[in-house]
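Worksheet: one structure, shown below.
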Amino acid sequence: QEQLVESGGGSVQAGGSLRLSCAASGRTFSSYAMGWFRQAPGKEREFVAAFSWSGGSTYYADSLKGRFTISRDNAKNTVYLQMNLLKPEDTAVYYCAARATSGSYYIAGAYAYWGQGTQVTVSA
């Protein structure tokens with residue numbers, strides 16, 4: 001059974017940093033596209049960042065480029081999201097997602113597997 005488990009969320013002041021982790025189990029996700037999404041209260045789930053199938057390409061939401069960095073460690077079956085210079089508007093539940101099929105990296109519906117989410121709260 002495929003499972004994605006996020007960790008690393010928490011509360012931080014504006015300007016601070018957090019690193020989220022997504023540990024995958026049940027199968028090897030090294031050949032899967034992996035992504036991070038977030039959802040703030042009352043808002044739709046939005047794309048944050050993603051890795052291509054091969055891991056050779058990365059994709060970011062335009063508004064987050066330069067502050068967020070996605071990385072992966074295939075040996076550990078883990079994907080990371082480094083978040084720097086955090087702002088109050090980054091407050092959300094952050095989800096890890098994976099898929100083995102083709103499709104848009106930017107659309108949540110294209111991903112088949114999801115973690116339970118981890119809360120990130122940024123105070124002013």
Side-chain angles (χ1 to χ4, degrees):
Q1 182 177 351
E2 299 80 7
Q3 188 175 19
L4 301 174
V5 179
E6 303 95 335
S7 61
S11 297
V12 65
Q13 289 189 327
S17 298
L18 284 173
R19 189 177 80 154
L20 306 183
S21 299
C22 171
S25 62
R27 64 174 61 215
T28 300
F29 284 85
S30 60
S31 61
Y32 282 45
M34 302 290 295
W36 286 96
F37 288 75
R38 68 184 184 183
Q39 188 166 18
K43 295 187 177 181
E44 293 187 355
R45 193 167 297 189
E46 65 173 352
F47 171 77
V48 174
F51 252 113
S52 64
W53 290 29
S54 65
S57 298
T58 54
Y59 306 86
Y60 294 94
D62 288 341
S63 61
L64 301 177
K65 286 180 181 178
R67 294 197 299 123
F68 288 19
T69 303
I70 189 172
S71 61
R72 65 194 297 170
D73 185 336
N74 287 340
K76 295 182 178 180
N77 237 12
T78 300
V79 177
Y80 305 97
L81 183 68
Q82 178 68 42
M83 306 185 295
N84 298 326
L85 299 174
L86 284 163
K87 304 175 181 180
E89 51 263 44
D90 294 321
T91 295
V93 177
Y94 284 71
Y95 297 90
C96 176
R99 60 178 174 82
T101 57
S102 61
S104 171
Y105 292 103
Y106 303 94
I107 299 175
Y111 292 80
Y113 308 103
W114 290 87
Q116 82 291 348
T118 185
Q119 176 71 47
V120 171
T121 302
V122 184
S123 58

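For the atom pair S57 OG and F51 CZ, the distance stands at 9.0 Å (nearest 0.5 Å). With rounding to the nearest 0.5 Å, the separation of OG in S123 from NZ in K87 is 15.5 Å. For the atom pair OH (Y32) and OH (Y113), the distance works out to 4.5 Å, reported to the nearest 0.5 Å. To the nearest 0.5 Å, atom OG1 of residue T58 and atom CZ of residue F68 are 14.5 Å apart. Note that the OG atom of S63 and the CZ atom of F47 stand 10.0 Å from one another [nearest 0.5 Å]. To the nearest 0.5 Å, the span separating CG on L18 from CD on Q82 amounts to 8.5 Å.
In this structure, the side chain of E6 engages the main chain of Q116 through a donor-acceptor pair within 3.5 Å. A side-chain donor-acceptor contact under 3.5 Å links T91 to the backbone of V122.
Residues N84 and S17 come closest through the heavy atom pair OD1-OG, 2.9 Å. Closest non-hydrogen pair, A92 versus R38, comes out as CB-CB, 3.9 Å. Of all non-hydrogen atoms in Y60 and A49, the two that sit nearest each other are CD2-CB, 3.6 Å. Contact record, A50 with Y111: CB-OH, 3.6 Å, taken as the closest heavy-atom pair. Annotation for M34 and L4: closest pair CE-CD2, 4.2 Å, computed over non-hydrogen atoms. Heavy atoms only, all atoms of each residue included: L86 and V12 are closest at CD1-CG1, 3.6 Å.
Other residues, nucleotides and ligands contribute at most 12 non-hydrogen atoms within 6.0 Å of the CD atom of E44.
No side-chain heavy atom of D90 sits less than 4.5 Å from a side-chain heavy atom of M83. Counting heavy atoms from C-beta outward, C96 and W36 have side chains that approach closer than 4.5 Å.
Tested against F37 for a ring-ring contact (aromatic ring centres under 6.0 Å, His included), the candidates Y105, Y106, Y94, W114 yield a single pass: W114.
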